[in-house]
Protein chains: 2
Amino acid sequence: MTETEHANLPAESIRSRTGRELRAVALAQFASVGFAATSLQHIADAAGFSKSSVLYHFASKEAILTEVLTPAIDHLEKILDRFVAEPDSVESRKYFVGDFIDFVLHYRFELHTFINQGQSLVGIEVVDRARALVVRLAASICDEQASVEDRLRFGIALGGAAYTLVAGMTYLDDDLAADDDLRPALVTVLTELLAPVSHTLSRKQP
Amino acid sequence: MTETEHANLPAESIRSRTGRELRAVALAQFASVGFAATSLQHIADAAGFSKSSVLYHFASKEAILTEVLTPAIDHLEKILDRFVAEPDSVESRKYFVGDFIDFVLHYRFELHTFINQGQSLVGIEVVDRARALVVRLAASICDEQASVEDRLRFGIALGGAAYTLVAGMTYLDDDLAADDDLRPALVTVLTELLAPVSHTLSRKQP
DNA sequence: ATCGTAGCTGTCCGATCGGTCAGAATCTGC
DNA sequence: GCAGATTCTGACCGATCGGACAGCTACGAT
């Protein structure tokens, strides 16, 4: 954002600025140490506010999670809807993989949160919605007669991508890489992983 | 275990039987809902004992985690030691992937626990030991000049396998498959994922 | 029968947690 | 400047947590 652009924008309200900061801090903590291990006090401390201030802006801890995850889940739903609306083809597969990778790169922390903690967060509406989307995603990539290997390929692609962009970063000496470097590599690896699966697909879940 | 074998074994002591049951229940819960979200009371309820009984058998919650994870980490260390002790070759790689897959299949819940919750459990000695092993594993598969794609391949292989055998099972209609079916599929997929990496390796970490 | 020990339990404790609420501080529009 | 609204805060609450500890029961050895 250049100085010129800044001058043309309305000043951000305190409420939306504080809310934005709190959401960012919360998401980072949910993704790194988990929802259960993230306390409101930790979020408050990391953002430089009081716990009461956190609760002024969000009705509850769960409400924070909902606000933090909803944009990602909305987006996933959108690209999945588009994918299943088209007749299955190598082209539509390819297009979807591209969409999915952009999604993963953009919403890596959200993805990591609901993928790796989904089981402990069952019953929370936004997480249940995410889980339903994953089931639908699985069904659109692997049909009911999918082989063990196909299912593994899907699971490894999804879980591996979710893991390696977030948790995996803590195991390597450096940050993983810039998105510009990651994207082509992800395309290569995920395309390769899922390529055999595409040859066995007989139908797509609507 | 046949009846004959049973007759030749000393009766299991109450202590070791109770301890075994508690460990099994704890591991299942640590892997499914996470360490932080698993309470001693939950473990006790699931195993049919009181919380005090849990603490009679284990000094603390952390002590349970240590006892539960140590066998897996010992085993991972062993196969990794063996791998790095040999000169790098396609053969030793192949052998290691086989060892690793057996490890993953046998210790899937332990792996899932320390892979996906490592960050929230930093500072716990057994987890730090596991994390150090993963760093060492990464270094033995990817050298310092590893490409972005190689690192991704490693991360997706590790994180994906850890995820799909545990959490991934909750997203599919059925249990994934028997180990006899899983193993060859894992060999295929992980070998394929890591095959390009093997061609770029220049040295192994001792 | 008696004693010591293993195994188990309920009660209690201090700490932490998510959340409530009243009040103070700051901001905004007139 | 003033009043009202917004934002922020500290004190407090009940619930849950990991863990300490005393006490009970059952069992095996003498």
Side-chain angles (χ1 to χ4, degrees), chain A residues 9-30 32-69 113 117 120-127, chain B residues 9-30 32-69 113 117 120-127:
Chain A
L9 290 174
E12 189 175 15
S13 75
I14 289 178
R15 178 151 199 161
S16 59
R17 208 202 84 205
T18 304
R20 181 172 47 78
E21 286 177 359
L22 291 173
R23 280 193 297 275
V25 164
L27 176 59
Q29 295 205 10
F30 292 159
S32 74
V33 304
F35 183 74
T38 299
S39 67
L40 295 176
Q41 191 60 61
H42 283 148
I43 294 170
D45 292 340
F49 293 98
S50 69
K51 187 179 69 164
S52 301
S53 199
V54 175
L55 288 168
Y56 171 77
H57 287 268
F58 302 94
S60 64
K61 189 178 177 188
E62 191 173 303
I64 304 176
L65 186 67
T66 298
E67 285 205 32
V68 155
L69 292 187
T113 299
Q117 296 169 53
S120 65
L121 305 175
V122 165
I124 300 182
E125 191 258 321
V126 69
V127 175
Chain B
L9 290 175
E12 189 175 18
S13 76
I14 289 176
R15 177 152 199 158
S16 59
R17 209 201 85 209
T18 304
R20 181 170 49 76
E21 287 178 1
L22 291 174
R23 279 193 299 276
V25 163
L27 175 58
Q29 294 207 10
F30 292 158
S32 74
V33 303
F35 182 75
T38 299
S39 66
L40 294 175
Q41 192 61 59
H42 283 147
I43 294 170
D45 292 339
F49 292 98
S50 69
K51 189 180 69 163
S52 301
S53 199
V54 176
L55 287 170
Y56 171 78
H57 287 268
F58 301 95
S60 63
K61 188 179 177 187
E62 193 174 303
I64 303 176
L65 186 68
T66 298
E67 285 204 31
V68 156
L69 293 187
T113 299
Q117 294 168 56
S120 64
L121 305 174
V122 164
I124 299 182
E125 192 256 321
V126 69
V127 174

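All chains are named by letter (A, B, ...) in the order of the sequence lines, taking the proteins before the strands, and each is independently numbered beginning at 1.
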Interatomic distance, B/Q29 atom CD to A/S120 atom OG [nearest 0.5 angstrom] |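 It comes to 12.0 Å.
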
Passing option when B/F58 is tested against B/I64, B/T66, B/V68 for side chain to side chain contact (heavy atoms under 4.5 Å, CB included) |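 The side chain to side chain contact (heavy atoms under 4.5 Å, CB included) with B/F58 is passed solely by B/I64 among B/I64, B/T66, B/V68.
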
Run through A/L22, A/T18, A/V25 and flag the one making a side chain to side chain contact (heavy atoms under 4.5 Å, CB included) with A/V54.
->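 Among A/L22, A/T18, A/V25, the one meeting side chain to side chain contact (heavy atoms under 4.5 Å, CB included) with A/V54 is A/L22.
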
Check: B/Q117 side chain, B/F35 main-chain N or O, donor-acceptor pair, under 3.5 Å =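 Present.
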
Is there a residue in residues 33-42 of chain A whose heavy atoms reach under 4.0 Å of DNA chain C, and which residues are they?
->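 Close to the strand are A/T38, A/S39, A/L40.
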
[atom1] of [X] versus [atom2] of [N]: gap in Å, rounded?
X     : N      : atom1 : atom2 : value
B/D45 : C/dC8  : CG    : P     : 16 Å
B/K51 : C/dG10 : NZ    : C1'   : 11 Å
A/F49 : D/dT6  : CZ    : P     : 18 Å

Can you list, by residue number, the residues of residues 52-64 of chain A that have a non-hydrogen atom closer than 4.0 angstrom to DNA chain D?
->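 Those residues are A/S52, A/S53, A/Y56, A/H57.
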
State, to 0.1 Å, how close A/V33 and A/A37 come at their nearest heavy-atom pair, and which atoms those are.
->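 What the structure gives for the nearest pair is O-CB, 3.3 Å.
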
Answer yes or no: does atom CD of B/E125 have more than 12 heavy-atom neighbours from other residues, nucleotides or ligands under 6.0 Å?
->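 No, the 6.0 Å shell around CD holds no more than 12 heavy atoms from other groups.
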
When you look at A/L121 and A/L65, which way does the side chain to side chain contact (heavy atoms under 4.5 Å, CB included) test go after all the steps?
-> CA-CA 10 Å; A/L121 305 175; A/L65 186 67; 4.2 Å; yes

Could you list the donor-acceptor pairs under 3.5 angstrom formed between side-chain atoms of residues 46-53 of chain B and any protein atom two or more places apart in sequence or on another chain?
{"residue": "B/S50", "atom": "OG", "partner": "B/S52", "partner atom": "N", "Å": "3.4"}
{"residue": "B/S50", "atom": "OG", "partner": "B/S53", "partner atom": "N", "Å": "3.0"}

